[in-house]
Amino acid sequence: MEVMYDRCCGIDVHKKLIVACFKCGKKQEIRNCGTASDEIRELSKWLVDGKCQMIAMESTGSYWKPLYNIFEILGLDVIVANARDIKNVPGRKTDVGDAEWIADLLKHGLIRASYIPSWEQRELREMSRYRQSLIGERSRELNRLQKMLEGGNVKLASVVSDVNGRSARNLLKAMLEKDDPLTEERVSQLVHGSLRPKVDAITKAMNGFLTPMEKALIRKVVDHIDDMTKRIGEMDDMLRDYLQPYEEAIAKLDEIPGIARRSAETILIETGLDMSRFPSARHISSWAGLAPGNNESAGKRRRSRTTHGNSTLKSALVQCAKVASKCKCYFRAQYQRIVIRRGANRATVAVAHSMLIAIYHMLKDNQSFRDLGEDFYLAVNRAKKINHYLKQLERLGWTQNAALATA
C-alpha cells in the first residue's frame with residue numbers, strides 16, 4: 001500500500017496511561033507516559049524532535065482532549081478518529097498493539113479524521129451542553145415534585161398546566177406554610193389570569209394530605225428547582241456575552257418555524273458558522289445523525305436506521321421539528337405527508353433533516369429563510385390530483401348531475 005506519512009505516531013489514550021508508537025520509515029519506537037500536563041508536553045517535545053508529520057488517536061471518552069489541546073498549541077497535526085473505525089483485530093488487543101495498529105493505519109492513510117471544532121467553539125459547546133444538563137435536571141426535579149404531590153393526593157397538575165408557574169408556586173407556598181386547607185377566598189387571591197374561573201376546582205385539588213416530613217421534603221425540592229432556574233438564567237447571560245459574533249446567524253435561524261433563540265444558539269454552537277468544512281448538505285446530515293444509514297446487499301437496499309452522529313444537535317433539531325410540525329408552514333405539510341405511511345417518529349426525523357438542510361444553505365449562501373408554504377404538495381401535479389379525486393368520487397357513485405340535484 002502507498003505510504004502517506006513516513007514519520008507518524010499512533011497513540012492509545014487511557015485515563016492514567018498514554019502509549020505512543022512513533023514510526024520512522026521501517027523503524028518504530030514505543031514510549032509510555034502518564035497523562036499529566038508536564039508528561040504530555042514531554043511527549044510532544046519527543047514528537048517535535050522526531051519531526052513527526054501526523055499524529056492519530058482514538059476519541060476515547062474525554063481523555064483525548066488534553067492531548068489535542070497541547071498538540072494544537074504546539075502546532076502538531078492531529079487526527080482524532082472514531083474508535084469503531086480503527087478497532088484492532090480481536091484476540092490481539094494490547095495497549096502497545098493498539099498504538100502500533102493506529103500508527104500503521106495512519107502511515108497508509110486509512111484513518112478518517114473526525115471533525116474537531118476550533119478551541120473557541122469547543123468552549124462554547126461546554127457551556128451550552130452544561131446549560132442543557134441544567135435544564136434536564138430541572139425537568140427531573142419538576143417531575144419529582146409532581147410525583148410527591150400526587151402521593152399526597154394534591155391534584156395540582158390536573159388543574160394547572162405548569163406546576164412551576166406563578167399561580168402554582170403561590171398555591172404551593174401557601175399550602176406548605178399552613179396546616180389548614182386552603183379556602184376558596186384564599187385561592188382566588190393567589191391565582192392569576194385564566195385560572196380565576198377555576199377557583200372551585202383548584203380548591204378541591206389542593207385539599208390533599210401531606211405529613212410534616214413530606215412538606216419538608218417538598219420545600220427542599222422547590223428550593224432545588226429555584227436554584228436550577230437561577231443557574232440557567234446565569235448561563236443564558238454568560239452565553240449571550242460570548243455569542244456576539246453569532247447574533248446575525250441566530251436572527252436568521254429564528255425566522256425558521258419551530259426554532260427559537262435558545263434552539264438557534266444550540267444549533268449554531270454545535271455546527272459552527274463555517275459550512276465549508278461540510279462538502280454538501282448530505283455530509284452535515286450524516287454528521288448530525290439525521291441521514292439514513294446504508295444497508296445494501298446483492299443489489300437490494302434494505303431498511304436501515306439513521307446513523308450515529310452529534311446527539312446534542314440531533315436532539316435540538318428533533319425538538320424543533322416537533323414544534324414546526326404544528327405550525328402553518330411547509331414542515332407541517334411534509335410531516336402530514338409522511339406520518340400516514342411511516343409513523344410519527346420517522347416523520348419527525350424527516351422534518352428535522354429538512355430543517356438542517358435549510359440551515360446549511362442559509363449559512364453557506366448567506367440567504368434568508370423562504371417558506372414553501374403549507375399547500376406546497378397540493379400545488380404539485382394539481383391537474384393530475386384533481387382527476388384522481390374525481391375518479392375516486394365516481395367510484396363512490398358521485399356524478400355531476402347528482403351533485404346539481406342535491407344542490
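Values in this document were obtained by computation on a predicted structure and should not be read as measured data.
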Exercise for review: Return yes if some donor-acceptor pair links the side-chain N/O of Ser263 with the main-chain N/O of Ile259 below 3.5 Å, else return no.
Suggested key: no
Review point. Is there a side-chain contact between Asn32 and Leu17, using heavy atoms and a 4.5 Å cut-off?
Key: yes
Exercise for review: Walk me through it: do Leu149 and Met175 pass the test side-chain contact (heavy atoms from CB on, under 4.5 Å)?
Suggested key: CA-CA 11 Å; Leu149 294 175; Met175 182 188 69; 4.1 Å; yes
Check your understanding: From Leu268 CG over to Ile250 CD1, what is the distance, rounded to the nearest 0.5 angstrom?
Key -> 6.0 Å
Point to revise | Test item: Gln53 side-chain N/O and Cys8 main-chain N/O as donor-acceptor pair under 3.5 Å | key: no
Exercise for review: Taking only Lys NZ, Arg NE, NH1 and NH2, and the carboxylate oxygens of Asp or Glu, determine whether Glu126 and Lys65 approach each other closer than 4.0 Å.
Suggested key: yes
Review point. Is a salt bridge present between Arg332 and Glu374, judged by a nitrogen-to-oxygen distance below 4.0 Å?
Key: yes
Review point. Does the pair Arg122 and Glu72 meet the rule for a salt bridge (charged side-chain N to carboxylate O under 4.0 Å, His left out), with working shown?
Key: CA-CA 13 Å; Arg122 294 201 299 271; Glu72 187 180 36; 2.9 Å; yes
Check your understanding: Tyr360 and Met275: side-chain contact (heavy atoms from CB on, under 4.5 Å), yes or no, with the steps?
Key -> CA-CA 7 Å; Tyr360 172 81; Met275 292 292 108; 3.6 Å; yes
Practice item. Test Lys230 against Asp226 for salt bridge (charged side-chain N to carboxylate O under 4.0 Å, His left out), laying out the working first. Key: CA-CA 6 Å; Lys230 177 185 175 184; Asp226 291 339; over 6 Å; no
Point to revise | Arg129 atom CZ, neighbour heavy-atom count above 12 within 6.0 Å | key: yes
Practice item. Find the distance between NE2 (His283) and CZ (Arg277) and round it off to the nearest 0.5 Å. Key: 14.0 Å
Review point. Do any N or O atoms from the side chain of Ser128 and from the backbone of Arg125 form a donor-acceptor pair under 3.5 angstrom?
Key: no
Practice item. Please check if atom CD in Glu248 has more than 12 non-hydrogen atoms from other residues, nucleotides or ligands closer than 6.0 Å. Key: no
Check your understanding: Is the NE2 atom of His192 crowded by more than 12 outside heavy atoms at less than 6.0 Å?
Key -> yes
Check your understanding: Got a donor-acceptor contact below 3.5 angstrom from the Thr94 side chain to the Gly97 backbone?
Key -> yes
Point to revise | Backbone N/O of Leu176 and side chain of Arg219: donor-acceptor pair under 3.5 Å | key: yes
Point to revise | Asn310 side chain to Leu313 backbone, donor-acceptor under 3.5 Å | key: yes
Practice item. Take Trp398 and Glu394 through the test side chain to side chain donor-acceptor pair (under 3.5 Å) and record every step on the way to the result. Key: CA-CA 5 Å; Trp398 178 90; Glu394 288 174 1; over 6 Å; no
Review point. Is a donor on one side and an acceptor on the other found under 3.5 Å between the side chain of Glu214 and the backbone of Thr211?
Key: yes
Exercise for review: Inspect the contact between Asp223 and Lys220 and indicate whether a charged nitrogen and a carboxylate oxygen are less than 4.0 angstrom apart.
Suggested key: no
Point to revise | Heavy-atom donor-acceptor pair, Ser44 side chain to Ile40 backbone, under 3.5 Å | key: yes
Exercise for review: Please determine if Arg240 and Asp236 form a salt bridge, counting it only when a charged side-chain N lies under 4.0 Å from a carboxylate O.
Suggested key: no
Review point. How many angstroms lie between CE in Met127 and CD in Glu265, if you round to the nearest 0.5 Å?
Key: 10.0 Å
Point to revise | Arg31 and Glu29: CA distance, side-chain angles, deciding distance, side-chain contact (heavy atoms from CB on, under 4.5 Å) verdict | key: CA-CA 7 Å; Arg31 179 171 291 193; Glu29 184 179 351; 3.8 Å; yes
Revision key, fill the gap. Between Ala316 and Ile267, the two heavy atoms sitting closest are CB-CG1, 4.4 Å
Practice item. Search all heavy atoms of Thr271 against all heavy atoms of Gln121 and return the closest pair with its distance. Key: C-NE2, 3.5 Å
Review point. Any side-chain heavy atom of Thr312 sitting closer than 4.5 Å to one from Ile269?
Key: no
Review point. Just one of Ile111, Leu106, Asp98, Ile79 clears the side-chain contact (heavy atoms from CB on, under 4.5 Å) bar with Ile86, so which one?
Key: Ile111
Check your understanding: So which heavy atom on Leu317 is nearest to which on Ala352, and how close?
Key -> O-CB, 3.7 Å
Study note, to complete from the structure: side-chain contact (heavy atoms from CB on, under 4.5 Å) test vs Asp95 passes for just one of Val19, Val13, Ile30, namely Val19
Exercise for review: Heavy atoms only: give me the nearest Cys329-Ala324 pair and the separation to one decimal.
Suggested key: SG-O, 3.6 Å
Check your understanding: Can you tell me if Thr35 uses its side chain to pair, donor with acceptor, with the backbone of Lys15 under 3.5 Å?
Key -> yes
Review point. Does the distance from a Lys or Arg side-chain N to an Asp or Glu carboxylate O, for Asp254 and Arg261, drop under 4.0 Å?
Key: no
Practice item. Answer yes or no: are there more than 12 heavy-atom neighbours, outside Glu42 itself, under 6.0 Å from its atom CD? Key: no
Check your understanding: Of the non-hydrogen atoms in Ser188 and Arg196, which two are nearest, and what is the gap between them?
Key -> O-NH1, 3.2 Å
Review point. For the atom pair OG1 (Thr60) and CG (Leu67), what is the distance rounded to the nearest 0.5 Å?
Key: 10.5 Å
Exercise for review: List the steps and the verdict of salt bridge (charged side-chain N to carboxylate O under 4.0 Å, His left out) for Arg140 and Glu137.
Suggested key: CA-CA 5 Å; Arg140 286 188 288 274; Glu137 179 64 25; 3.1 Å; yes
Check your understanding: Do the non-hydrogen side-chain atoms of Gln334 and Arg337 ever get within less than 4.5 Å of each other?
Key -> no
Check your understanding: In terms of the angle between their ring planes, are Tyr330 and Phe376 parallel, tilted or perpendicular, with boundaries placed at 30° and 60°?
Key -> perpendicular
Point to revise | Residue pair Ile18 / Leu43: nearest heavy atoms and the distance that separates them | key: CG2-CD2, 4.0 Å
Check your understanding: Do any N or O atoms from the side chain of Tyr246 and from the backbone of Gly272 form a donor-acceptor pair under 3.5 angstrom?
Key -> no
**Study point:** Other residues, nucleotides, ligands: >12 heavy atoms within 6.0 Å of Asp49 CG
**Key:** yes
Exercise for review: Might you work through the side chain to side chain donor-acceptor pair (under 3.5 Å) test for Lys364 and Ser276, ending with a clear yes or no?
Suggested key: CA-CA 7 Å; Lys364 184 178 181 181; Ser276 61; over 6 Å; no
Point to revise | Stepwise side chain to side chain donor-acceptor pair (under 3.5 Å) check, Arg301 with Asn295 | key: CA-CA 6 Å; Arg301 186 175 179 83; Asn295 185 12; over 6 Å; no
Check your understanding: If we only count heavy atoms from C-beta on, is the Ile102 to Ile11 side-chain gap below 4.5 Å?
Key -> no
Check your understanding: Are there more than 12 heavy atoms of other residues, nucleotides or ligands under 6.0 Å from atom NZ of Lys322?
Key -> no
Study note, to complete from the structure: Rounded to the nearest 0.5 angstrom, the CG-CZ distance for Leu156 and Arg169 is 11.0 Å
Exercise for review: Give a yes or no on this: more than 12 heavy atoms of other residues, nucleotides or ligands lie within 6.0 Å of atom CZ of Arg7.
Suggested key: yes
Point to revise | Passing option when Ile202 is tested against Leu190, Leu182, Asn207, Leu171 for side-chain contact (heavy atoms from CB on, under 4.5 Å) | key: Leu171
Review point. Can you tell me if OH on Tyr115 sees more than 12 non-hydrogen neighbours from other groups inside 6.0 Å?
Key: yes
Practice item. Report the distance from atom CG of Leu290 to atom OG1 of Thr307, rounding to the nearest 0.5 Å. Key: 7.5 Å
